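The model shown is predicted, which means the values in this text are computed figures rather than measured ones. In what follows, chains are A, B, ... by sequence order, proteins preceding strands, each numbered from 1.
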Amino acid sequence: MNRGGGAALGSGSGPTAAATASAAQKQKTLLQRVETDIGNIVDNFNHLVNVARVNDPPVRNSQEAFMMEMRASRMVQAADSLLKLVSELKQTAIFSGFASLNDHVEERIKEFDQQVEKSDRLLSKIAEEAAASLKELESCYYSSAQRANQIPEP
Amino acid sequence: MDGKLEVSIDKLPVKRLDHIEENGAEKYPADVSYEEKRLSLIRRIDFAWAVEKDDKKKEKKSAKESSTPWQWQSMVENLQLAHQELSVIIDLINTVEANDAVTVASITRPKPLPHEHLSDLAVSAATKLQCFRHLGKYFKQSAKALDQQVAKEARFYGALIRLQQNWKVKRQRVAATAPSSEGFTIDLFDNSIYDPASIVRPSSISTVLVERDSAGKLAICVPPKSSRSLHFTFLGIQPNTIQGESCKLNPEPLRESEDGPAGDDESVKKTHSMLREVHRAIFDEQVFDLVNREAFNPSVGVNVTGIQENRLQLSLGQGTSVSISLELSSLDDQSSERLDRQNFETAALCSDLLNGVKPEEGKPDSLKKKIPNRACYEVYLQQIFHEHVFVRSKVRHDSGAVRASNQSAKDGPNLLSHFCMSLAHRIFSAKVLIELEKVVSGVPYLQLMSHPAWHSRTSSWTLSMKIPPSIPNSNRTSTPDVYPLKHSIPAFRTKVVVTDNSIKVEGEGAPNVVGLFKGASEDISSINRYDCDLADLAVIILQQVASQVIRWLHEEALKVGIKVTRDFLCISFELEQGETLSLVAHVDPDNPEGCISWWLVVDDGFSEERKLHSDFYDGGSEYRKFLGYLSLDVLYSTLMDLVTLCNGSAAH
């Protein structure tokens, strides 16, 4: 939560005050949502626990049963909305984490450049070795006894 | 029950104004609390009908007893009615028991006995416990489901974050159209190579949808048959394998049984590979597009002979045609095989039509030798475009210089012609090499050295001939050597340089130069440079070599002190009475036994004219003797014999 807020703030402090303001507003909204949901859960849980008392005379059983179900489903719904909030935060982190993304991209660029250089060097080394081998083989072949034996006898 | 049904309609939940006070404040009736609402609803249940019915039943009963169509009919009906009444009464009792808000008139509620009270308490406690247990199960279930959802989300977003580190992930602002789509797309299009002003239509496969698969993991949706790759082929030549030469990645289907971090890694890696495949396919499409654009600018070396939707045919001259095409990669095996076969069928037809010449009959080896490796040229095509267009545009973007863009615009159209000319050069130089090897194999004392030139349109070779050391001569001055000599063995060198399609031969020895032996200045002998054709190459080289041998023999003879004259391919000794004894070289590149043969020609001064008209190949004439294909040692000793002969004749 703090990281998301921090990232939002960090990106906002650069360009404009409007961006900062909107980021702060967004952060406030998210916090509000979190508080609402958690309050919801706590409240419903309280009611559930209260209803546990067995009344005297024991009436309203069905009503209370229905109410308990309703409170329980409300709790679950609040938890679900909290989870959705978390995914939203994750999405925001994915699409706003520019600093780390840029760093990573630059690192990869460096890596790839190094790899390019390495491949180039390797290729030129191979080429040089091939040329050297070719020269050696040619000179071996042409000065070999096998070739000398090719001379037809007059 | 009776036929008619009574319906009661609630009041609309509209707040009706109760009254308005003097100061204008409006007063509404107070909100009815929940409890009161409940009670009022219960009270509205009208039980009067039950009471009326009882009376009516009694009347009907008495009336029905009189008629007797079926004696049991009435009893059945009575029983049914009695059953109905009983059920109503039981319901009423239950309601009365459950809700103490409704009381039965004129009956006071009996005081519950203690055990009844306790049993009621027990029942309600048990019911509540049951309820709570039920709730507990429900909570556990939801907790498990939420846990799973959390895990799935974590996996999905983890994978997405990892993909984002290498690919451009975009979020769709509007609601996702496809049901399983998550609203994310990966954009694979690289628009940095194009000018900002030009309108470029990104390829249809450049946007890849991200979605969840059935296990909740991240999956990408790549349209089938979308990944095409650049193929480069020589027309008329069937490659050995169609599939083997193109090592395209065949992604395996995601194994869903693998779960956990290792499985996630695997699936992310596979996704990376698939995205890379599509990225490469886009690159190939862009290269093909650029090739097409350049092909229609008139430039040297590019002759377009055929166009199809995904195929471009070029003719390189020398009877060779190539085709550059975009074909489906081997992801979809069946259709691509069919495509490939079709391509090669049409290619074979085309080559016959275009060239009018059948592909070389006879040795398939020589054919293979002539045609360079097609895979390497495919890579070369991609590489030059990548380097000059893509990389340069990135540099252009970084530097922002206009000059660079002008430069690239100039150089741009030359890429394809450079490529075609390189290819033509390679084929031509392979032919040149074959000729040179033929020559070298026919002359045992000739050696071939290749000089790899790191330029795609230049090749060079050196033919060198080592001369056996002469008889040690104390008068012989040591000359500064131009060429580095091994063990002071002199050598003659002839250099053959091929640039694009032209051959330049450069060498010592002078076919046409008035070469007087200059003593110590052997190394400053004239170097001839001339161009020649492929057909004449062998002859010219042999002539060059033979003239070098003649020159050497001439020098050796002069060293020994004999007066000899040298002609183009002949060295002549003067005998007595004006007779000349000549050692003549004859070159024949197609002779399997040897390319340079030596003849001994004797003629008196009177038969010069006859010599011109006589048949040169008459080996049986007394004027000519065929010596054979002599090595340099034998030639030297022959020379010495001739010298002795001359000396002997001079002594007389």
Side-chain angles (χ1 to χ4, degrees), chain A residues 48 51-69 71-73 75-77 79-80 82-84 86-87 89-95 97 100-101 104-105 107-108 116 124 127-128 130-132 134-135 137-139 141-143 147-154, chain B residues 38 97-100 112 117 120-125 127-132 134-136 138-139 141-143 145-146 149-150 153-154 156-158 160-161 164-166 169-171 183-184 440-441 444-452 454 464 466 593-594 598 626-631 634:
Chain A
L48 264 184
V51 156
R53 170 182 302 164
V54 178
N55 285 334
D56 182 30
V59 290
R60 306 185 188 179
N61 293 332
S62 58
Q63 177 197 354
E64 278 170 355
F66 187 65
M67 187 177 73
M68 284 198 288
E69 275 192 31
R71 299 235 181 245
S73 53
M75 275 174 72
V76 169
Q77 190 202 16
D80 198 38
L82 268 181
L83 274 183
K84 281 204 171 57
V86 168
S87 345
L89 279 177
K90 277 184 182 163
Q91 276 189 26
T92 316
I94 288 177
F95 291 103
S100 70
L101 207 59
H104 181 81
V105 165
E107 212 181 276
R108 288 295 271 176
V116 161
S124 50
E128 280 166 17
L134 180 65
K135 243 190 183 75
L137 286 168
E138 273 179 344
S139 63
Y141 170 65
Y142 287 114
S143 44
R147 182 116 195 288
N149 289 338
Q150 279 179 5
I151 302 168
E153 295 297 319
Chain B
R38 242 184 56 209
E97 270 188 342
N99 297 304
D100 58 356
H117 184 69
D120 283 343
L121 272 177
V123 163
S124 80
T127 322
K128 240 177 215 165
L129 187 63
Q130 184 76 8
C131 234
F132 271 106
H134 181 69
L135 272 189
Y138 172 65
F139 275 138
Q141 231 177 28
S142 350
L146 287 175
Q149 198 181 353
V150 164
E153 292 261 309
F156 180 79
Y157 281 110
L160 194 62
I161 287 176
Q164 199 209 12
Q165 302 202 321
N166 287 324
V169 179
K170 286 190 174 160
R171 185 164 42 174
F184 298 112
V440 170
S441 63
Y445 42 85
L446 207 56
Q447 287 190 10
L448 180 68
M449 282 193 289
S450 308
H451 302 289
W454 305 120
S464 72
K466 293 212 179 100
E593 292 179 33
W598 296 91
F626 179 64
L627 295 175
Y629 311 96
L630 307 176
S631 70
V634 174

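- The closest side-chain heavy-atom distance from A:Met68 to B:His134 is not below 4.5 Å.
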*Run the side-chain contact (heavy atoms from CB on, under 4.5 Å) check on A:Tyr142 and B:Val440 step by step: do they pass?*
CA-CA 9 Å; A:Tyr142 287 114; B:Val440 170; 3.4 Å; yes
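- With values rounded to the nearest 0.5 angstrom, B:Leu135 atom CG is found 9.5 Å from A:Met75 atom CE.
- For B:Trp454, the part lying near chain A is the side chain, with the backbone staying farther off; criterion is any non-hydrogen pair under 4.5 Å.
- For chain B, no part of A:Ser100 is nearby; none of its heavy atoms comes within less than 4.5 Å.
- Residue A:Ala127 touches chain B through both its backbone and its side chain, counting heavy-atom pairs closer than 4.5 Å.
- Looking only at distances, no side-chain donor or acceptor of A:Lys90 sits under 3.5 Å from a matching main-chain atom of B:Gly158.
- With rounding to the nearest 0.5 Å, the separation of CZ in A:Arg108 from CG in B:Asn166 is 4.5 Å.
- Using a 4.5 Å heavy-atom threshold, the side chains of A:Val86 and B:Glu153 count as separate.
- Using modelled atom types and a 3.5 Å distance limit, the side chains of A:Gln91 and B:Tyr157 yield a donor-acceptor pair.
- The environment of B:Gln165 atom CD is dense: over 12 non-hydrogen atoms of other residues, nucleotides or ligands sit within 6.0 angstrom.
- Note that the CZ atom of A:Phe66 and the SG atom of B:Cys131 stand 11.5 Å from one another [nearest 0.5 Å].
- At least one side-chain heavy atom of B:Phe139 sits less than 4.5 Å from a side-chain heavy atom of A:Val76.
- A search for side-chain contact (heavy atoms from CB on, under 4.5 Å) contacts involving B:Leu146 returns A:Ala79, A:Asp80, A:Leu83, B:Gln149, not counting sequence neighbours.
- Residues satisfying the side-chain contact (heavy atoms from CB on, under 4.5 Å) test with B:His451, not counting sequence neighbours, are A:Lys135, B:Met449, B:Ser460, B:Thr462.
- At a 4.5 Å heavy-atom cutoff, the contact between B:Ser450 and chain A is made by backbone and side-chain atoms alike.
- Neither the backbone nor the side chain of B:Ala145 has a heavy atom closer than 4.5 Å to any heavy atom of chain A.
- Side-chain contact between A:Ser87 and B:Phe156 is absent, with no heavy-atom pair separated by less than 4.5 Å.
- Note: B:Leu448 leads B:Val150, B:Leu129, B:Leu448 in heavy-atom pairs under 4.5 Å with chain A.
- A 6.0 Å sphere centred on CD of A:Gln77 holds no more than 12 heavy atoms belonging to other residues, nucleotides or ligands.
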